[in-house]
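Working notes, structure below.
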Amino acid sequence: MLTRHSQQNYENKVEVRNMIAERLQDLGLIVKTQEFATNGFSGTNIISLLPSKHYGTSSDTILVVGAHYDTVESSPGIDDNGSGCVATLEIARILAPLKYNLSATVYFVFFDEEESGKYGSINFVKHYLIPKLKKTSAVFVGSFVIDMVMHYDSTPYSQKLPTDVKQLSPYVNEWMDDNLHRGNFLGVLSRKNTGDEILSNALHDAWNAMSKAEYKLLPLIADIPWNSKKWRKWFLSSSYCRSDHASFWNVNTGDANYSLPAVMLWDLGVWRGKQANCYHRQCDDKSQLTNTNLTFLSKLINAVTAATLNLVAV
């Protein structure tokens with residue numbers, strides 16, 4: 001299996017990018033690309049949108065569902081982040097028939113160069129989304145960022161948590177003890193009192209309304225004083241900010257600073273079962289495609305779809 005890395009296997013990344021764009025076009029979505037170059041890294045984001053009935057007017061609202069499609073040079077990236085890409089594509093397929101019928105335009109974005117430093121999402125938010133919001137006066141609902149969402153392990157003591165997560169969300173310690181530290185949950189990373197809760201609450205309601213109760217949901221809510229520069233600087237280097245959602249949380253356009261609602265959906269595989277040994281390695285491969293893992297992924301897809309509809313339905 002091949003990586004999707006600019007230096008290691010650029011041709012394969014281009015092929016995957018083209019496949020994603022063609023699939024989105026086949027669904028009838030409006031598809032664009034955004035090329036960027038930052039700190040010596042160049043890449044291409046895929047930006048597709050399902051226009052609402054208010055598309056292009058000041059009455060429109062915008063919601064983003066996104067995932068990065070690149071990998072590190074040493075890994076095929078089935079979980080990281082093939083799982084997020086598949087989820088985003090499938091959510092787009094389910095919602096595509098609702099073109100021009102929803103109250104909000106839904107953007108399905110595939111970020112490049114996340115593994116190099118979140119450069120794709122930084123450029124999307126800074127140079128595409130913020131200018132779009134300014135130009136149209138559209139309201140931004142928020143972003144579901146999907147990154148590593150397929151690895152499931154119900155074995156007791158298969159899940160560890162980093163120290164900063166346990167510090168910033170201290171209630172998880174008791175939850176993990178009661179759950180015997182199983183890796184049988186999806187983590188939802190958000191901040192307290194920032195607008196992120198609109199997204200996390202919608203997902204929580206959708207998840208809990210579905211079957212397969214053995215697949216759990218764990219909100220990981222960081223309670224920090226977001227307006228404090230000191231706290232924000234430390235927090236942005238923490239385990240809460242490992243993926244593209246952090247590019248929405250902290251935006252500096254040069255003339256202003258913005259903080260946009262976003263949540264990250266994550267299996268915490270970096271510290272979970274087999275994936276803890278396969279993260280960013282060659283064994284993040286097709287062996288991940290078990291019935292259990294795929295059922296876990298399916299529940300996520302259905303929950304995010306339902307949460308999106310609850311947020312943007314007519």
Side-chain angles (χ1 to χ4, degrees), residues 17 20-36 43-69 81 84-114 118-147 195-196 198-199 202-203 243-249 251 258 260-265 301 304-314:
R17 178 194 307 152
I20 292 172
E22 289 171 8
R23 176 59 175 152
L24 295 165
Q25 289 169 343
D26 290 344
L27 294 174
L29 274 61
I30 300 170
V31 182
K32 308 174 182 180
T33 56
Q34 178 195 26
E35 297 184 357
F36 61 88
T44 304
N45 293 328
I46 307 165
I47 304 171
S48 64
L49 57 135
L50 180 67
S52 74
K53 59 184 179 181
H54 305 298
Y55 176 64
T57 74
S58 58
S59 299
D60 201 11
T61 55
I62 292 173
L63 184 142
V64 172
V65 180
H68 76 87
Y69 70 94
N81 186 32
C85 291
V86 168
T88 303
L89 281 170
E90 182 63 4
I91 296 163
R93 183 194 67 80
I94 296 169
L95 295 179
L98 298 176
K99 188 176 182 179
Y100 295 116
N101 285 308
L102 298 175
S103 63
T105 296
V106 183
Y107 282 74
F108 300 96
V109 186
F110 295 81
F111 305 114
D112 199 358
E113 296 298 338
E114 186 269 352
K118 302 187 285 287
Y119 294 125
S121 55
I122 290 171
N123 277 276
F124 169 74
V125 176
K126 184 176 180 179
H127 298 300
Y128 185 91
L129 180 59
I130 295 292
K132 172 73 70 174
L133 295 174
K134 286 182 176 179
K135 181 178 180 180
T136 64
S137 298
V139 174
F140 185 63
V141 178
S143 177
F144 291 110
V145 173
I146 308 175
D147 191 352
D196 297 349
I198 295 173
L199 301 161
L203 182 66
S243 190
D244 293 306
H245 61 296
S247 301
F248 293 82
W249 286 356
V251 191
Y258 300 86
L260 303 177
V263 297
M264 177 189 176
L265 315 183
I301 291 167
V304 175
T305 302
T308 297
L309 286 173
N310 288 337
L311 290 166
V312 305
V314 177

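Qualifying side chain to side chain donor-acceptor pair (under 3.5 Å) partners for S52, counting only residues two or more places apart in sequence or in other chains: D60, T105. Considering only residues two or more places apart in sequence or on other chains, F124 meets the ring pair (Phe, Tyr, Trp, His ring centres under 6.0 Å) condition with F111, Y128. Not counting sequence neighbours, the partners of K134 by the salt bridge (charged side-chain N to carboxylate O under 4.0 Å, His left out) test are D255. By the side chain to side chain donor-acceptor pair (under 3.5 Å) test, D244 is found to be paired with S121, residues two or more places apart in sequence or in another chain being considered. Applying the side chain to side chain donor-acceptor pair (under 3.5 Å) criterion to H68, with sequence neighbours excluded, gives D70, D80, E114, D147.
Residues I122 and F36 are not in side-chain contact: their nearest non-hydrogen atoms beyond the backbone lie 4.5 Å or more apart. Contact check for L260 versus I130: side-chain heavy atoms found under the 4.5 Å cut-off. Between L63 and F144, the closest side-chain pair of non-hydrogen atoms falls below 4.5 Å. Side-chain contact between Y69 and T44: present, with at least one pair of heavy atoms (C-beta onward) separated by less than 4.5 Å. In this structure, the side chains of Y107 and K132 come closer than 4.5 Å at one or more pairs of heavy atoms. For the pair H245/D196, no side-chain contact is recorded, criterion being any heavy-atom separation below 4.5 Å from C-beta on. Considering only heavy atoms from C-beta on, L311 comes within 4.5 Å of L199 through its side chain. Taking 4.5 Å as the limit, every side-chain heavy atom of L203 sits out of range of all side-chain heavy atoms of V263.
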Would you sort out whether V64 and F248 count as a side chain to side chain contact (heavy atoms under 4.5 Å, CB included), showing the intermediate values? CA-CA 11 Å; V64 172; F248 293 82; 4.3 Å; yes
Steps toward side chain to side chain contact (heavy atoms under 4.5 Å, CB included) verdict (L309, L102): CA-CA 8 Å; L309 286 173; L102 298 175; 4.1 Å; yes
Side chain to side chain contact (heavy atoms under 4.5 Å, CB included) between N123 and E113, intermediate numbers included: CA-CA 10 Å; N123 277 276; E113 296 298 338; over 6 Å; no
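I46 contributes atom CD1, which lies 8.0 Å from atom SG of C85 (distance to the nearest 0.5 angstrom). With rounding to the nearest 0.5 angstrom, the CD1 atom of I20 is 12.5 Å from the OG1 atom of T33. One distance of note links CD1 of I146 with CG of N81; it measures 8.5 Å at 0.5 Å rounding.
Between the side chain of S48 and the backbone N or O of F108, at least one donor-acceptor pair lies under 3.5 Å. With hydrogens and angles ignored, the 3.5 Å screen pairs no side-chain donor or acceptor of D112 with any backbone N or O of N45. For S103 (side chain) and V312 (main-chain N/O), a donor-acceptor pair under 3.5 Å exists by modelled atom type.
Within 6.0 Å of the CG atom in L133, the count of heavy atoms belonging to other residues, nucleotides or ligands exceeds 12.
Taking both residues in full, the closest heavy atoms of I62 and F140 are given as O-CD1, 3.5 Å, listed atom of the first, atom of the second, then distance.
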Please list every donor-acceptor pair under 3.5 Å in which a side-chain atom of residues 91-100 meets a protein atom from a residue at least two apart or in another chain.
from: R93; atom 1: NE; to: E90; atom 2: OE1; distance (Å): 3.0
from: R93; atom 1: NE; to: E90; atom 2: OE2; distance (Å): 3.1
from: R93; atom 1: NH2; to: E90; atom 2: OE2; distance (Å): 2.6
from: K99; atom 1: NZ; to: G28; atom 2: O; distance (Å): 2.6

